[in-house]
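Encoded as structure tokens, the structure appears first; notes follow it.
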Amino acid sequence: LESAAYSLNSMLRTFDEVIYVDWNTPDESKIVTDELELVNRDRLRVVEIRPALAREILGDAPAQPMCEVLARNAGIRRAKGDIIVSTNIDIIAPPRAHLDVLCADLLPGEMITLAKQDVELDDLRKHFGENTDVQKHMPLVFGLWPLEKRLLQPRLTMTRNTLLAYPERARHALASLICACGDFQVAHRDTWFEIKGFEEEMKKRLYADTTVQYQVLMNGGRVHATNSPPLYHIEHERLN
């Protein structure tokens, strides 16, 4: 809950709307957002997919604790803005002014994906306490590790023509300029709808972020990877 508060409050300060898609929370349990103290709650829209509906959507496939691709697409379809960001509830979003600069020249058919730096919840507590307005001072406290960690120039670009120059067996991996679960992907709504969002056959989560970049490229678009503005991911335990 504490990580979610840091993350959601950063998004509610940055975005005009935040769509939180809650997948498979038991009927007797509260939705996470009901338990948090949030700023700008009027910007929050919650999509509830309770277990019965999750089973209905998945059909014959067994209901997963979390089906990332279907949840993301449910949010994308409901977004009202021209620019749609797909991300997770463990990400601290950059300030709005920084994203406005990033998206100023974003064209339909293009996608921007940001590198992220891992931070520990204990360190957030130590430096910020219960102050969830952490965005302004995150780079001062935690630095700009993505510049070194991801070994990126300020911005890299991949196009379909470049991708097709490589053997077919290598193209999927090469399409992922940044490969890390829970990426921060930015594209015009027309781009998301042209590629039909995330690949819904990938119900068990692996490489969904890689594949959505591949889809943009094979649709004739461009993918830009960047380490600016800085993006922070709150570390957590990882399960199979």
Side-chain angles (χ1 to χ4, degrees), residues 1-15 18-23 32-33 36 38-39 44 65-69 71-72 75-76 84-99 102-103 111-156 176-187 198 205-213 223-240:
L1 288 177
E2 197 173 356
S3 294
Y6 279 116
S7 175
L8 275 174
N9 276 305
S10 75
M11 295 184 197
L12 288 166
R13 285 186 171 93
T14 292
F15 300 118
V18 175
I19 302 175
Y20 172 69
V21 181
D22 185 276
W23 184 277
V32 166
T33 50
L36 301 178
L38 299 175
V39 302
L44 178 67
M66 213 291 283
C67 188
E68 183 180 22
V69 291
R72 287 181 184 272
I76 289 168
I84 300 174
V85 176
S86 174
T87 190
N88 282 354
I89 199 172
D90 52 14
I91 293 293
I92 294 178
R96 176 57 176 263
H98 296 182
L99 281 185
L102 181 72
C103 298
M111 173 174 281
I112 298 174
T113 180
L114 270 67
K116 65 187 181 184
Q117 173 182 337
D118 293 331
V119 296
E120 298 287 345
L121 182 58
D122 284 346
D123 289 333
L124 282 172
R125 290 193 193 108
K126 174 183 174 181
H127 291 286
F128 299 107
E130 295 181 2
N131 177 12
T132 52
D133 187 7
V134 300
Q135 296 162 292
K136 181 178 179 181
H137 296 109
M138 288 288 286
L140 300 178
V141 173
F142 294 107
L144 301 172
W145 278 105
L147 294 172
E148 300 177 16
K149 192 174 180 182
R150 299 290 179 181
L151 302 177
L152 287 174
Q153 299 297 320
R155 186 152 164 165
L156 298 177
S176 186
L177 297 185
I178 298 175
C179 182
C181 59
D183 280 349
F184 191 90
Q185 291 141 340
V186 187
F198 286 81
R205 301 182 64 179
L206 296 177
Y207 299 102
D209 295 304
T210 293
T211 300
V212 79
Q213 294 174 69
V223 174
H224 307 287
T226 181
N227 47 38
S228 180
L231 185 71
Y232 299 91
H233 166 255
I234 304 170
E235 270 286 44
H236 51 79
E237 65 182 7
R238 304 178 192 285
L239 304 173
N240 289 334

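Contact detail for V212 and D209: the closest heavy-atom pair is CG1-O, 3.3 Å. In terms of heavy atoms, L1 sits closest to L36 at O-CD2, 3.4 Å. The minimum heavy-atom distance linking H127 with F142 is given by the pair CD2-CZ, 4.3 Å. Nearest heavy atom pair, residue L12 against residue L38, reads CD1-CB, 4.0 Å. In this structure, A93 and F15 approach most closely via the heavy-atom pair CB-CE1, 4.2 Å. Heavy atoms only, all atoms of each residue included: P230 and P94 are closest at O-CG, 3.9 Å.
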Given side-chain contact (heavy atoms from CB on, under 4.5 Å), test L124 with Y232 step by step and report yes or no.
-> CA-CA 11 Å; L124 282 172; Y232 299 91; over 6 Å; no
From CA spacing to verdict: side-chain contact (heavy atoms from CB on, under 4.5 Å), I92, I234 | CA-CA 8 Å; I92 294 178; I234 304 170; 4.2 Å; yes
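Atoms CD1 and CD1, on I84 and I19 in that order, are 7.5 Å from each other to the nearest 0.5 Å. Taken to the nearest 0.5 Å, the CD1 atom of I112 stands 7.5 Å off from the OG1 atom of T226. Once rounded to the nearest 0.5 Å, the distance linking CE of M111 with NE2 of H224 reads 11.0 Å.
Within the 4.5 Å cutoff, no side-chain heavy atoms of D133 are placed close to those of N9. Contact check for S3 versus D90: no side-chain heavy atoms found under the 4.5 Å cut-off. By the 4.5 Å heavy-atom criterion applied to side chains, F184 and V85 are counted as neighbours. Within the 4.5 Å cutoff, side-chain heavy atoms of M138 are placed close to those of F128. The shortest distance between side-chain heavy atoms of R72 and N88 falls below 4.5 Å. Using a 4.5 Å heavy-atom threshold, the side chains of M11 and T87 count as touching. Contact check for L102 versus L114: side-chain heavy atoms found under the 4.5 Å cut-off.
For E2 (side chain) and L121 (main-chain N/O), no donor-acceptor pair under 3.5 Å exists by modelled atom type. Judged purely by atom type and a 3.5 angstrom limit, S86 has no side-chain atom pairing as donor or acceptor with the backbone of Q185. Although no hydrogens or angles enter the test, the distance criterion places a donor-acceptor pair under 3.5 Å between the side chain of Q213 and the main chain of L177. S10 contributes a side-chain N or O that, together with a main-chain N or O of S7, makes up a donor-acceptor pair within less than 3.5 Å.
Side-chain atoms of T14 and Q135 include a donor-acceptor pair closer than 3.5 Å.
D123 and K126 are not joined by a salt bridge, as no carboxylate oxygen comes within less than 4.0 angstrom of a charged side-chain nitrogen.
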